[in-house]
Number of protein chains: 2
Amino acid sequence: MRKLFFILLVVFVSHAQVKNEQLNLMPWPQKLTVSPAIFLLNKDFKINCTGNPDSRILKGASRFLRRLDERTGLFFNQGFVAKLNEFPEAQLQINCQRKGKVGLQEDESYQLSVLSNTITINAVTDLGALHALETLSQLLQNNGTEFYFPSVEITDAPRFVWRGLMIDASRHFQPVDVIKRNLDGMAAMKMNVFHWHLADNQSWRIEIKKYPKLTELASDGDFYTQEEIKNVVKYADERGIMVVPEIDVPGHASALLTAFSEIGSKTDGIPYAVSRKSGIHDATLDPTNPKTYQILTEIFDEVCPLFPAAYFHIGGDENNGKEWDANPKIQEFKKKNNLVTNHDLQTYFNMKLVPMLKKHGKQLMGWEEIMTPAMSKEAIIHAWRGVNEGMEAAGALVKAAKSDYKAILSNGYYIDLMLPVDSHYLNDPMPKNVAFTEEEKARILGGEATMWSELVTPLNIDSRIWPRTAAIAERLWSNDTVRNLESMHKRLKQISFRLEEIGLTHIRNKEVILRNISNYQDTKALNDFTNICEPYKVYKRNGGGKKYFMFSPLTLFADACAADASDAYEFNKAVNLYLENKSLANQKLVTDYLKKWIVMDLDLIRLSANAPLIQPILPLSKNLSLVSKQLLLAIEQKQSINKTDLNALLEQINTRNSADVELAVYESLRKLVE
Amino acid sequence: MRKLFFILLVVFVSHAQVKNEQLNLMPWPQKLTVSPAIFLLNKDFKINCTGNPDSRILKGASRFLRRLDERTGLFFNQGFVAKLNEFPEAQLQINCQRKGKVGLQEDESYQLSVLSNTITINAVTDLGALHALETLSQLLQNNGTEFYFPSVEITDAPRFVWRGLMIDASRHFQPVDVIKRNLDGMAAMKMNVFHWHLADNQSWRIEIKKYPKLTELASDGDFYTQEEIKNVVKYADERGIMVVPEIDVPGHASALLTAFSEIGSKTDGIPYAVSRKSGIHDATLDPTNPKTYQILTEIFDEVCPLFPAAYFHIGGDENNGKEWDANPKIQEFKKKNNLVTNHDLQTYFNMKLVPMLKKHGKQLMGWEEIMTPAMSKEAIIHAWRGVNEGMEAAGALVKAAKSDYKAILSNGYYIDLMLPVDSHYLNDPMPKNVAFTEEEKARILGGEATMWSELVTPLNIDSRIWPRTAAIAERLWSNDTVRNLESMHKRLKQISFRLEEIGLTHIRNKEVILRNISNYQDTKALNDFTNICEPYKVYKRNGGGKKYFMFSPLTLFADACAADASDAYEFNKAVNLYLENKSLANQKLVTDYLKKWIVMDLDLIRLSANAPLIQPILPLSKNLSLVSKQLLLAIEQKQSINKTDLNALLEQINTRNSADVELAVYESLRKLVE
């Protein structure tokens, strides 16, 4: 009888309809219906591909199969999806009408239907089918003993055609394996543009066979060979991702000028050198020198064929004009050619690049500074500046769309600023407060998260990109009405684990950093502390680029911390609940944290006796412990507290001048004091 | 006064002499003297290189500098060691007499002297100086607020010239980044030979430009381009490591024969195909066919120039002779050429390869099966078989050394067998029970850990190689009198953390696997369980190669477990202590574990409701919990226990048929019952 009851229970559990809210899909599909049936997985599960797809779907389906097998441990009989129509009776049927071409104008839509005995993916192109497989992956459920997919009908397609991630490989080199694992993350989040920032003041990272001195003199030996570039481009293409290279000119050019001093604008005769610092530099190409264009032509002639994408990013940002102003020859040239401002001169320079790229079938794009009245309307404007630069948020995007330019948005998606995910998630490429015509709307291609690498190495870069970029991916894919923060946070937590599973390291590498700080002692207290601390935001950590050289250690406490500290998020919720209703249960939610931090401080002090790297965080921990003790007395013992003293302590915490982190529970503690 | 006391204390702590036993050096140096002085580190610390070294010392010193900076967070002013004699006043002076040449016959010795204000490294070659830097790295100490090196005098040199690690990239592909991080680990452990197993029945992993079909048909797209090979060889050379390629012939040849059926030995007309299974295969090259030698010549002509090493491994193992026996043409050939056995025929084949390799300056080496009476004495014998193969341990090594062959030992260093580190550590390439002449001793070149990859992927491979291989490295470098197990275990624990710090993933990836098993729930209970479970040893997990195909999931509980389960090691010590002296303190050491496992079982049951992959380990956990409860009653409540019942339970545990793991505390539990 007990056994029968158990069987009935299992059947009941298996067949209980999964609710939309239980699904951890990201980005959320355009249209989704869930039904009560389930598709049960077993080792006979097979995949069949039909239609006329590109062979990338076979590789993609094989990857899906292997990952599903690793996730379920079912030992599937099918090892690979080797060719079209290999298993006509397979439970999962993938049909694509035609080969997809990776790029902006391609159909990425798909339909996914899960019934109790078959799963069908229909897509115009294999690119859509790849997206469908990512969705199906995310649908996996279990009832404790078996794995299954809930029955669903999904019709899906992206809202924007440009869903990008930029990685700056110049400030800190990011080896091919770092790039590849991030491409995997992008594919999982249905992103389709990888923007590769390959040269800047700090280094030149791409092999130029005609000019080996570029990497010899300006890469410290860390660069991508052309074979590696091709390999990455292929890897991206197999995942439906277009790779857009960036060679930043005419500013950000110290590395290029380290190899070619003769095309620089300065007149002091001191050779250029790669920079080890952050911030805006003076080094600028000489737009009046024919050799500048000759060398750029030769470089572009090698770089362009490596990238099939129809777009080429020439940077064009942050040219401070100092070298131009100080160079009489350049001033003379401006006068002669009736170029009034340095912007005019830069446009003159930019326009010379247009045909050099067009020759290779490439459309020029650049950061928003390239948008001047004389600039070609064919250029794509990459909007990046906002309030941190004293400008209106997304101002350039709006202006571009209203001035006949196509544009993409990065302002609001600067993930290196360590801002909370909410701010990125709610940042829409189609600002609600602006009235756009349909044509103007159509010119807004999408957006791009930007990972500038002043403060990241292969060890910590993933924790700066993920999981926040997944939320940006949802903003760029899903309907603009999908903007519930609580739902996003809940799903993002699961997605974050998934991203680790496919190879990203944003969770696992934290422990490596903490072990270094603890000098190989127990890391629990340090980990607890990272869960309420966040690295300095915006440009504070490296204010003026003065603290961190490109070879400075990034294995410190701030590097183990990330945006959206998890316990801070929970504590803030707990404090709000408690202040609404001071029930004992709500009180406990708050006081458990306070007690945890008192113990944590004692542990940190103990550990610090054998770990100098813990010393810098002790003052913050101590103040937190003191505040926690006072608040505990007030909350549990109903003792009256000295608000003035406590506020003074809180202000000490808020001076935020220790260990490059800020205490993410500060605001909530302040609420408790008041 | 308190402050003064504090200052005195710090000074006292700083200057307290570090004892030899406190140092976590591995491999242990030949000669070491510690003095009371210390060398205090600060941000002005600089390195200067002098003499006539290879430029690899500049890169090595730069890596050392960056790692030390990351470890101490001191923000050193010096970014790179860019050229010789750049900072004559630097505190660390590295002098090398001449350029080292990576290989077997080079001087790898060094002297390291740390005084209170200077550190001096003297070495004949830069290879010795690199070793010195690794030793210096390991010497780092701290007093809670400052980092320092203790004053030491070290004179060091390796005991054996061949200190190798083999990685099999055929069964499961290991991308370049996996190889590179393992080369870093090898360098840290002063190992100097990387043996790269590039082809086998399961795949062909090296680009052959003349025959692209080799990788097209037999690699699933996962192979090393020749540029990647060169890049790895350079990376290894910069770390003092020689790379020896292996192309396994005439057996282990399914992949080669998938591309070239015409040079196979079988007569059934069915095409060869890459194998997805483990175990010994029949596919064997036809030694009577001239085309066999033509194709091998063409392949060797491409492969040899990629590797500067003077050695080339031709495999030669496990040729079961079935295809030869069944092929009348081959039988005819044997008769005609007076080749009595298949061994004779294989020697005929091997001898044809000698000049093909000699042409490229390479000496042939192979697994012990190549050692037949007619084999050239110039060949190097790689001894691998032992008791698991029904042979005497290291028998072939002894025979080789006594028969004028140079030899290296891998029997006893098969790290894929998941045996405890102790067994590898105590396995000496110069067996104590054999009387060798000095000439015979000189022919024993050293040893090599072998990482066969039937059951490893990039996710779990490091946990199969490290930290055990560090103990093997010590066996091969240090004096044979260095064999204290307790000291080795204590040092290995620290070294294991260091290896993670330089990029290996043997610790961090465990959590990724456990999260998968737990279905993203809390992993504490699972982790506790991994600390007392070990994967099946020797060939049991994949008995007969029948369970795991090359595409089967290796993300299971056994993959999160490793040899030398940490809590099992501690529990076993605790039980021994308790049985010697049943003090309350010793009792608590034991009962704390028993209680932990009871709670663990409850947690696992709870987690399993939402995680099917936990189900397979529940029976083992349940039995352990039952035994623990009984033992607790016996130990704490002095209740008498039913030994028969308990022994029956223990035997259930010992049937070892669940989830591919065995309970590593079984023997200790048995002791408690008795």
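A quick note: this is a predicted structure, and the numbers were derived from the prediction, not measured. By convention in this document, chain letters (A, B, ...) are assigned in the order of the sequence lines, proteins followed by strands, and residues within each chain are numbered from 1.
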Item to check | Under 4.5 Å from any heavy atom of chain A - which part of B:K59 | outcome: neither
Checklist entry - Has the side chain of B:N610 got a donor or acceptor atom that lies under 3.5 Å from a matching backbone atom of B:N519? => result no
Checklist entry - For B:N460 and B:N509, does a side-chain donor sit closer than 3.5 Å to a side-chain acceptor? => result no
Next on the checklist: Heavy-atom pairs under 4.5 Å with chain A: which of B:G79, B:G503, B:A611, B:G221 has the most?
Outcome noted: B:G79
Checklist entry - Is chain A contacted by the side chain of B:T72, its backbone, both, or neither, given a heavy-atom distance below 4.5 Å? => result backbone
Checklist entry - Given the options B:I517, B:T505, B:L74, B:D220, which has more heavy-atom pairs under 4.5 Å with chain A than any of the others? => result B:D220
Checklist entry - Are any non-hydrogen side-chain atoms of B:L613 and B:T555 less than 4.5 angstrom apart? => result no
Item to check | Donor-acceptor pair, side chain of A:S496 and main chain of A:L492, under 3.5 angstrom | outcome: no
Checklist entry - Which answer fits A:I507, side chain, backbone, both or neither, if we ask what part of it has an atom under 4.5 Å from a heavy atom of chain B? => result side chain
Next on the checklist: Looking at B:K180 and A:D177, is any side-chain nitrogen of the basic one under 4.0 Å from a carboxylate oxygen of the acidic one?
Outcome noted: no
Item to check | Result of checking B:F64, B:F147, B:F45 against B:F76 for ring pair (Phe, Tyr, Trp, His ring centres under 6.0 Å) | outcome: B:F45
Next on the checklist: What part of B:F75 gets within 4.5 angstrom of chain A, counting heavy atoms only: side chain, backbone, both, or neither?
Outcome noted: both
Next on the checklist: One pair to check against salt bridge (Lys or Arg N to Asp or Glu O under 4.0 Å): A:D237 and A:K234. What are the steps and the verdict?
Outcome noted: CA-CA 5 Å; A:D237 186 273; A:K234 179 165 175 278; over 6 Å; no
Next on the checklist: I'd like to know whether B:K547 forms a salt bridge (Lys or Arg N to Asp or Glu O under 4.0 Å) with B:D660, so could you lay out the CA-CA distance, the side-chain angles of the two residues, the decisive distance to 0.1 Å, and finally the verdict.
Outcome noted: CA-CA 11 Å; B:K547 180 166 177 185; B:D660 292 359; 3.0 Å; yes
Item to check | Top contributor to chain A contacts, counting heavy-atom pairs under 4.5 Å, from B:E227, B:E228, B:Q615 | outcome: B:E227
Checklist entry - Which one, A:P175, A:P458, A:P553, A:P616, leads in non-hydrogen pairs under 4.5 Å with chain B? => result A:P553
Item to check | Engaged part of B:L140 at the chain A interface, taking heavy atoms whose separation is under 4.5 Å | outcome: neither
Item to check | Interchain contact, A:F497 with chain B, by part (heavy-atom threshold 4.5 Å) | outcome: both
Next on the checklist: Heavy-atom pairs under 4.5 Å with chain B: which of A:F549, A:Y520, A:F80 has the most?
Outcome noted: A:Y520
Checklist entry - Under 4.5 Å between any side-chain heavy atoms of B:T225 and A:N231, yes or no? => result no
Checklist entry - Which atoms of B:Q78 come close to chain A, meaning under 4.5 Å heavy atom to heavy atom: side chain ones, backbone ones, both, or neither? => result backbone
Checklist entry - Do B:E511 and B:T523 get their side chains close enough for a donor-acceptor pair, meaning under 3.5 Å? => result yes
Item to check | Contact class of A:Q494 relative to chain B, heavy atoms under 4.5 angstrom | outcome: both
Next on the checklist: Less than 4.5 Å to any heavy atom of chain A: does that hold for the side chain of B:R67, its backbone, both, or neither?
Outcome noted: neither
Item to check | Side chain, backbone, both or neither of B:I513 within contact of chain A (heavy atoms, under 4.5 Å) | outcome: neither
Next on the checklist: Below 4.5 Å, heavy-atom pairs only: which of B:R508, B:K510, B:R71 has the largest tally toward chain A?
Outcome noted: B:R71
Checklist entry - Picking from B:R276, B:K493, B:Q141, which has the most non-hydrogen pairs under 4.5 angstrom with chain A? => result B:R276
Checklist entry - Side chain, backbone, both or neither: which part of B:N77 has a heavy atom under 4.5 Å from chain A? => result backbone
Checklist entry - Is the gap between the ring centers of B:Y224 and B:F173 under 6.0 Å? => result yes
